[in-house]
Amino acid sequence: QVQLVESGGGLVQAGDSLRLSCAASGLTFSRSAMGWFRQAPGKEQEFVATISTAGTRTDYRSSVKGRFTVLRDNNKNTLYLQMDSVKPEDTAVYFCAARESPIISISIGAYDYWGQGTQVTVSS
């Protein structure tokens, strides 16, 4: 049974930093491309970042490029999202997701497993 458990969310002020974690179990983490997605109140879920199996390839939505960094530690089966210079528009529930494929994707439908999400709230 695959489990993805996010943590690290909370209430922060604009300009602060936050690091989200996603602990994975029940899958061969090192063979899975991973992604972060988010959903703001009243809006559809959207892609945030993705990372290849070895961490050598990444992709980001344009609004977070230069502020967010996606990382992974295959020894710990853990995915991270380092969020710097956060903005109120980053407020959302953040989800990690895993693919049964080593190929990165920005498409929600390409991911096979999802966590329950962690709330990030950025005050102005």
Without placing hydrogens or testing angles, list every side-chain donor-acceptor pair under 3.5 Å for residues 6-13, not counting sequence neighbours.
unit_1, atom_1, unit_2, atom_2, d
E6, OE1, Q116, N, 3.1
E6, OE1, G117, N, 2.9
E6, OE2, C96, N, 2.9
E6, OE2, G117, N, 3.2

Kindly list each side-chain donor-acceptor pair under 3.5 angstrom involving residues 104-112, sequence neighbours excluded, with atom names and distances?
unit_1, atom_1, unit_2, atom_2, d
S105, OG, S107, N, 3.0
S107, OG, G109, N, 3.4
Y111, OH, T50, OG1, 2.9
Y111, OH, S105, O, 2.6
D112, OD2, E100, N, 2.7

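With hydrophobic clusters built from ILVMFWY side chains whose heavy atoms lie under 4.5 angstrom apart, L81 shares a cluster with I51. With hydrophobic clusters built from ILVMFWY side chains whose heavy atoms lie under 4.5 angstrom apart, W114 does not share a cluster with V48. The hydrophobic cluster containing F37 does not contain V70, counting ILVMFWY residues as joined when their side-chain heavy atoms lie under 4.5 angstrom apart, directly or transitively.
Residues passing the side chain to side chain contact (heavy atoms under 4.5 Å, CB included) test with T53 are P102, sequence neighbours excluded. Partners of S62 by side chain to side chain contact (heavy atoms under 4.5 Å, CB included), not counting sequence neighbours: none found. With sequence neighbours excluded, the residues forming a side-chain hydrogen bond (donor to acceptor under 3.5 Å, both in side chains) with T121 are Q119, listed by chain and number. Not counting sequence neighbours, the partners of A24 by the side chain to side chain contact (heavy atoms under 4.5 Å, CB included) test are L4, L27, F29. In this view, Y60 satisfies the side-chain hydrogen bond (donor to acceptor under 3.5 Å, both in side chains) rule with no residue, not counting sequence neighbours. Looking at residues two or more places apart in sequence or on another chain, you find a side-chain hydrogen bond (donor to acceptor under 3.5 Å, both in side chains) between R19 and Q82. For R31, the side chain to side chain contact (heavy atoms under 4.5 Å, CB included) partners at least two apart in sequence or on another chain are T28. Considering only residues two or more places apart in sequence or on other chains, S17 meets the side-chain hydrogen bond (donor to acceptor under 3.5 Å, both in side chains) condition with D84.
Applying the ring-ring contact (aromatic ring centres under 6.0 Å, His included) test to residues at least two apart or on different chains, none of the pairs has a partner in residues 61-102. Each salt bridge (charged side-chain N to carboxylate O under 4.0 Å, His left out) pair with one or both residues in residues 87-96, not counting sequence neighbours, appears once here: R38-D90, R67-D90.
To the nearest 0.5 Å, the span separating CZ on R72 from OG on S52 amounts to 7.0 Å.
Taking every heavy atom of both residues into account, R61 and F47 meet most closely at NH1-O, 2.7 Å. For A14 against S124, the heavy-atom pair with the smallest separation is CB-CA, 4.4 Å.
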